[in-house]
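Okay, so here's the structure we're looking at.
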2 protein chains.
Amino acid sequence: MAKTNNKPTVKDVARIAGVSPMTVSNVINASGRVGEETADRVREAIQQLGYRQSTTARRFRLSKQWAIGLLVIDENPNFLSDPFTAELISGLTNYLTNIGYSLTIRGIRPSRFDARNAFKGIETDGLVLLLSGKQNARLKYVRATQELKVPTVMVQEPPFAGMAALASVRQDDYGGGALLARHLLETGARVFWMLVTKTIWPALEARGDGFKSILDSIPGARLELLMCENESFEVVYKTTSNALLLGRPDALVGLNDQMAISALRAAQDHGLAAPDDIQITGFNGLAFWKLTNPRLTTVQSCGHDVGYQAAKNLVDALNTGTFSQNDMVLPVRLYLGQTTSSRK
Amino acid sequence: MAKTNNKPTVKDVARIAGVSPMTVSNVINASGRVGEETADRVREAIQQLGYRQSTTARRFRLSKQWAIGLLVIDENPNFLSDPFTAELISGLTNYLTNIGYSLTIRGIRPSRFDARNAFKGIETDGLVLLLSGKQNARLKYVRATQELKVPTVMVQEPPFAGMAALASVRQDDYGGGALLARHLLETGARVFWMLVTKTIWPALEARGDGFKSILDSIPGARLELLMCENESFEVVYKTTSNALLLGRPDALVGLNDQMAISALRAAQDHGLAAPDDIQITGFNGLAFWKLTNPRLTTVQSCGHDVGYQAAKNLVDALNTGTFSQNDMVLPVRLYLGQTTSSRK
DNA sequence: CTGAAAGCGCTTACAG
DNA sequence: CTGAAAGCGCTTACAG
């Protein structure tokens, strides 16, 4: 077959330099078993021809991709606009880029998930999973990804039992929820409304569960759920606003900052001031949180670290054959803002 | 050489189905020149073996990647936290995923840019460029990318003359800046402080230039630049705060919403209320902007559309050989919020 | 230190 | 409708 394009190859370089292709290969990959003089000749030929190594051919030959896939299962196609996800991806790429790996991101909407086609065109050395949905749905996604037979790290998700090629890296969302509950209880709050959405994210669930766990032992403490169709400003605002027509909690609990702020706006428009009339807490404390007014009481997430550690754990597993740590849990910390009272 | 792994190949499928490898290939790629019965036998064999086509081998064979690269030149390694960039990427992936392409993102810090190594490991059918820095630095990046010899689209950047394999897709930032200036002039404002950063983004420059262009013909109108080391909350807050000790403009002009809000907080802490004591405008109106309080007067960007059109334009060029449009400019619109006065 | 041979998995002409 | 041959660009044993 005729060449489809005229890019120079190792063969061309070899001819110009008067050596064999594998000597060229050795020079490029710095194997160090080439004479200095020969290597110089090869480098000159590379310059002269403008030769660039074909990554595709190399990947093919070595059946190694130097690439990690990130799979996000989200109903929202614009999942990058979530600050935690953006931080997570930053952490992943910061680690991977340094060691010459690239990250391939794929977002799939659960309603369109099809085990046969979901991973078409994806070929990576490892996989990072950010899953949403009910436990059995998440298990389904994990089972499907296992067919790719590559080491996999789930982020923001507790481990599944009995899957060796699968590790977890997550932050202590449960503990963060507990921190918020203790703080609010100390201010005297007893009646709580928690904003939840139909899309289930295990991390958000953990925050909620951590919060509830503290209330259980407190007499008089009461938690109600405000179910929002999705986490857009409009929906959270409207849902909160409607609920406030019928009652008023001591505190509104958002499972992330966006929802907390949306609810805060609704409360303000009902003439309620934070923290005196109503308290509000969020979760994440990333990027835009510093711009919130009043500054939100929140738990500072470590999305970047979760991504960084997930990538590190995964690449280590690629190199050693096993995960050094099967469930990594990173700490979070409470940040007191202006939307909760000081101790009463 | 022995096989490095035991994944089934077309050969294995062919043997089981009792056909030749190219018949398997024809079935997989639905060439349609295979008898129904034979095709069924092949599909059964695929099922039985759990065969998955090797994307790498296919890419290698056809020297086509079905992949687009996004190159971001940014001093900030966490460039994903910028709402516009996140929207842009959403737009790119939304278009690309639908047609079976993937997006490879690479962020490079200008100080570390090295033409020889910048694109190591990147092999894509096309390139999208989001550049920062001075004009001649940007030109340098573009020249370097041209060595990859793939069609390239610059986003948020006006076209460079005389480069055929290069097109531009951007929004009307200049016009957006002009909209804001006209609006502020109508409120009676004459003295403006514009928040600028050391890192030069052509889009932000265009916003500033558009703004200035309107002031030029207005007697008494005065523009001063507040130079911020970077666009973090802390720096913009501090810079604005220091400046407010020495004077007070009629309006603060942020070239994006983040900076505008940061400046607004400084103004508030100086006892200035918007819009009565001081007016403030932003730019972008994406994601978190709805959460701003008071709601910022801004220009609504279309980062998603810019990304979507850039991807479409690029893939069309891949298929046809030339760009149908060399400079696409998308419209923006003014959104009046609560940080500017109504007409006086 | 350097090279001739073989092959990674796939698909495009070209025959039949 | 189906197949035998060739080759995409690279690198790993294996010789010398």
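We name chains A, B, ... by the order of the sequence lines, and we start the count at 1 in each one.
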- Item | Any A:S25 side-chain N or O less than 4.0 Å from OP1/OP2 of D:dT11 |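 Yes.
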Rounded to the nearest Å, what distance is computed from the [atom1] atom of residue [X] to the [atom2] atom of nucleotide [N]?
X	N	atom1	atom2	value
A:R61	C:dC8	CZ	P	9 Å
A:K11	D:dG7	NZ	P	8 Å
A:Q65	C:dC8	CD	P	16 Å
B:R59	C:dC10	CZ	P	14 Å
B:L62	C:dG9	CG	C1'	11 Å
A:K7	D:dC10	NZ	P	10 Å
B:R41	D:dT2	CZ	P	8 Å
B:N26	C:dC10	CG	C1'	12 Å

Backbone of [Y] reached by a side-chain donor or acceptor of [X] within 3.5 Å:
X	Y	result
A:D40	A:E37	no
B:R106	B:L71	no
B:E123	A:T56	yes
B:T97	B:T93	yes

- Message: Looking only at the side chains, is there a donor atom on one of A:R109 and A:N76 sitting less than 3.5 Å from an acceptor on the other?
- Response: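 No, because no side-chain N or O of A:R109 sits under 3.5 Å from a partner of the opposite role on A:N76.
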- Consider only side-chain N and O atoms of A:N78 and B:S90, and report whether a donor and an acceptor are under 3.5 Å apart.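 Yes - a donor-acceptor pair under 3.5 Å links their side chains.
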- Query: Got a sec: does the NZ of A:K120 have more than 12 other heavy atoms crowding it under 6.0 Å?
  - Reply: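 Not buried by this count: 12 neighbours or fewer within 6.0 Å.
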- So does A:K11 have more than 12 non-hydrogen atoms from other groups sitting under 6.0 Å from NZ?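 No, not enclosed.
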Identify which nucleotide among [options] has an atom closest to any side-chain atom of [X], counting heavy atoms from C-beta outward.
X	options	value
B:T38	D:dC1, C:dC10, C:dC1	D:dC1
B:S20	D:dG3, C:dT11, D:dT11	D:dG3
B:M22	D:dT12, D:dG3, C:dG9	D:dG3
B:A57	D:dT11, C:dT11, C:dC10	C:dC10

- Query: Looking at residues 46-56 of chain B, who's got a heavy atom less than 4.0 Å off DNA chain D?
  - Reply: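 The answer is none.
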- Query: With Watson-Crick and G-U wobble geometry limited to distances under 3.5 Å, how should the secondary structure of DNA chain C be encoded in dot-bracket form, using | for bases paired to another strand and [ ] for crossing pairs?
  - Reply: |||.||||||||.|||
Could you give the side-chain donor-acceptor pairs of residues 143-154 of chain B under 3.5 Å, partners two or more places apart or in another chain?
unit_1: B:T145; atom_1: OG1; unit_2: B:Y141; atom_2: O; d: 3.4
unit_1: B:T145; atom_1: OG1; unit_2: B:V142; atom_2: O; d: 2.7
unit_1: B:T152; atom_1: OG1; unit_2: B:V150; atom_2: O; d: 3.0

- Closest-nucleotide ordering on DNA chain D, the 5'-leading residue of B:V19 and A:R58: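 The 5'-side residue here is B:V19.
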- Task: Would you mind telling me which residue lines up with the more 5' stretch of DNA chain D, A:V10 or B:P21, judged by nearest nucleotide?
- Result: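 Residue closer to the 5' terminus by nearest nucleotide: B:P21.
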- Task: Flag as yes if A:F60 stacks onto the base of C:dC8 (centroids under 5.5 Å, planes under 30°), otherwise no.
- Result: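 A:F60 ring centre within cut-off of C:dC8 base, planes near parallel; stacks.
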- Message: With side chain to side chain contact (heavy atoms under 4.5 Å, CB included) as the test, pick out the partner of B:F79 among B:L130, B:I73, B:T85.
- Response: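 Of the listed options, the one satisfying the test is B:T85.
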